[in-house]
Each structure stands twice: as C-alpha cells, then as structure tokens.
There are 2 protein chains.
Amino acid sequence: MKLTTKGRYAVTAMLDLSLHYGEGPITLADIAQRQGISLSYLEQLFSRLRKKSLVASVRGPGGGYSLGRGADEIFVGEVISAVDENIDTTRCSGAHNCQNNERCLTHDLWSDLSNQIYGYLNKISLQDLMDRQAVREVADRQDHPDTEQPGLDVSLVDGSGDMAGA
Amino acid sequence: MKLTTKGRYAVTAMLDLSLHYGEGPITLADIAQRQGISLSYLEQLFSRLRKKSLVASVRGPGGGYSLGRGADEIFVGEVISAVDENIDTTRCSGAHNCQNNERCLTHDLWSDLSNQIYGYLNKISLQDLMDRQAVREVADRQDHPDTEQPGLDVSLVDGSGDMAGA
DNA sequence: ACATTCCCAAGCAAAATAGTCAAGATTATC
DNA sequence: GATAATCTTGACTATTTTGCTTGGGAATGT
C-alpha cells in the first residue's frame, strides 16, 4: 500500500484549493508557497488530478486551478488514488498469484485492510476537512504569515476518533 | 505510513508459526520454504519480533521459534509495528512541526487515519486469521505441496468487510 | 567434535520517492 | 502582437527505502 508524501501533498493542495474557493483560479505558485511544496512537484501531481477531473485549469495570466466539483463531492480517497497509483495493500494487487501463482497465506487480510482504509477515506470530503476548526486555524495562519498569533497554542487535536464521524 | 512487504512477511511468518503450533519449535528454514521468503531476511524480521517478545527462540539442533504468547493474544497491528518502525501516516510522526515548525494543514487527518488503521489491525489476532477458512486451505496446500487439490477453486474471499468484525 | 540452529552487523542492487530542469502551449493584458 | 503569466509535459537526478546477501559469530543437542 502506498500512503506517502505524494498523497499527503495532493490532499493538502486540494484542501488549499477548497479553502480559497471563490477567489478565482488559484495558481500552483500560491499553493507551493503556502503549503511549502515544490512547484514542479505540484505540477506533476496536478497533472494527475486533472486527468481524473478532480481539478479544472485555466491557462494564461490570471489563470490557475479550481476544484473540479464541489468540495462536498470530492473525497480524500479519490485524491490519494489519483496520485498514488493504488491504495491496495496486497502484493499481487488484487490478483491471487502472490506465491507461486497461488494465493498467499495473508492475501485476504491485506485485501480486507485495503477495503477498510479506502472506505474510511472515501467518507471524508474536502468540505468535511474544511469544517474542522483546527484546519481553519492553520489556514488562517497561512493566509496571514506576518501577524503573530501567540494565543492559539491550545491543543487542536480533535481526538474524537470516531470511524463514521469523518 | 509504511505497510510494505516487510510487514506482510512478518505477519505471514507469524501466522505460519501459529498454524504449526504444537509441533515444537519451528525453524526459519521451514518458514522460508513454505512461505517463499528469503531466510536471511526472515532472520532480520525475527530479530525485531523477538525484541518485542512476540516470538521465543530456542537455539541449537531441534531449535527454532515459537509464539511468544497465545495466538489469540497477538494482534496483527503489533506484528507490523514491530518490524515497520512506525505505522504513523503523519510526516512529523506525531509531533506537530510538519511545516516550518508548525502544524501542517492536514496533520489531524493523517493522525486520525493512523489511529483508525491501528485500531482495525489491533482487533485482529493471529487466532482470528487461523479461523478463516481461506487461510486453512492455503495452509493445507503449503503443508502438502505434492498432492494436487483441483476441487478447491471456489471464491475464498470473505467479503464481509465489517469494521468491528475482524 | 560437529552439525544445526539462532543471532548480528555490514553492505548492496533495484526500486520508489521526491524533486529538478528544460521546453513548450495557451491566453490575458498592454 | 509582444510580453508575461500560467498551465503542460517529459526527461532527468538525487535520495531513501526495500529486499536481500554475505559473512561471520554464539549456543546447544547429539
């Protein structure tokens, strides 16, 4: 299974896009600066996101990217799938030829796990993330990098850990 | 997050150990042959498993490894944690300095996800895996590599997909 | 003694990851 | 229509991780 920086960056960038919805197209340069991601690397990621229609692009000056659909219709699992080829944990990637062309001992375990993770991530939309207070506070900080905000040093971790809660 | 062959091998080997419980210590050479894993690689994995007391070892002829506790007391999550250093999905590994010493936009998302995966895998014991019919059938095949078993080509996938079900 | 097993550390090739670089296409604006 | 901003694409590179090998040891039953 793959859940690496690539997927993290993609979700982060998509969330940035959501948070600045309504300001017209957002340039990758803006996202790169706000989120601390290499511009060229973002380009590669957005190339894949575009192919899956998760973002729409406008070229030329004043151009940039915007969400391909509403933030409540784009789910984290989709974004990760778009950039990480597969979220599958099995070695055989779903086939059952893991060992000498036969099913390996733990094939089903990884298969089930993949389904669990995928199900979990596909319940969380970008809108859900935006609604989190912690996200809003970080976004505020990123939009106003000059002003110090010393009073916000509380624990921002939600800690609810509820599966269905997203 | 890391869920690679290393973790898969470890769980597979531990399951092999469980399945042959009662036959005295199991040598790594046996496991290597049955599961198609490099012996030297297994040695490395078992070194870590041993440090976490997940297995016990006996040296010398007739020696080998056995489970450190009952198969119903060893959980898949533990095994993976023992060999993959961390199952954490956050970049900062739990600290909140992901971006310029501050919390990144999606920190909590990955933190929550880690908890979900960990919670899921820590509910599944080696005994649970052994109770699965599909596992038994594969184990049978591995124990009797000579005899052909053509009648077992049914779909072995459990498909229940229930989170609490393990 | 000796073969069998666990134990350990170093090293290494291939793959994947994270990122760079260079060139081009499109389009708003002056 | 020149220019600059922006997306678009492909190739290339450095670094890290993975999966594995090598080569030694240490313990212990026979």
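So that the names make sense, note that chain A is the first sequence line, chain B the second, and so on, each numbered from 1.
- Close to D:dC20, at under 4.0 Å from its OP1 or OP2, lies no side-chain N or O of B:S40.
- With D:dT8, D:dT28, D:dT18 as the choices, the nucleotide that has an atom nearest any side-chain atom of B:K6 turns out to be D:dT18.
- Rounded to a whole Å, the CD atom of A:Q35 is 18 Å from the C1' atom of C:dG19.
- Between B:E43 atom CD and D:dG19 atom P there is a gap of 17 Å when expressed in whole angstrom units.
- Residues A:Q127 and A:D131 bring a donor and an acceptor atom of their side chains to less than 3.5 Å of each other.
- The B:T27 side chain lies nearest to C:dC6 when the options are C:dC6, C:dA28, D:dC7.
- At least one side-chain nitrogen or oxygen of A:S38 sits closer than 4.0 Å to the OP1 or OP2 atom of C:dT20.
- Between B:R59 and the phosphate of D:dA26, there is no side-chain N or O to OP1/OP2 separation shorter than 4.0 Å.
- In this structure, B:L42 atom CG and D:dG19 atom P are separated by 13 Å, rounded to whole Å.
- Residue A:Q44 places no side-chain atom within donor-acceptor reach of the base of C:dT17, judged by atom type and a 3.5 Å distance cut-off alone.
- In the hydrophobic clustering of ILVMFWY residues, with side-chain heavy atoms under 4.5 Å counting as a link, B:L39 and B:F46 come out together.
- Contact between the side-chain N/O atoms of A:S57 and the OP1/OP2 oxygens of D:dT8 is found at a separation under 4.0 Å.
- For the pair A:Y41 OH and D:dT13 P, the interatomic distance rounds to 18 Å; values are reported in whole Å.
- Whole-Å rounding puts the B:Y9 OH to D:dG19 C1' distance at 7 Å.
- Mapping A:V58 and A:L39 onto DNA chain C by nearest heavy atom places A:L39 closer to the 5' end of the strand.
- B:L45 comes within 4.0 angstrom of nothing in the nucleic acid, heavy atoms only.
- For the pair B:V83 and B:G7, the tightest heavy-atom approach, listed with the atom from each and the gap, is CG2-CA, 3.8 Å.
- Whole-Å rounding puts the B:K51 NZ to C:dC8 P distance at 6 Å.
- Put simply, A:R50 has a side-chain N or O that comes within less than 4.0 Å of OP1 or OP2 on D:dT8.
- Ion pairing between a basic and an acidic side chain is recognised when a charged N comes within 4.0 Å of a carboxylate O; B:R48 and B:E43 show no such pairing.
- Between the side chains of A:R50 and A:S47, not a single donor N or O lies within less than 3.5 Å of an accepting N or O.
- Using a 4.0 Å heavy-atom criterion, one finds that A:Y65 contacts the sugar-phosphate atoms exclusively.
- C:dT5 atom C1' lies 13 Å from atom CD1 of B:I31, rounded to whole Å.
- Atom CD in A:Q33 sits roughly 15 Å away from atom P in D:dA5 (whole-Å rounding).
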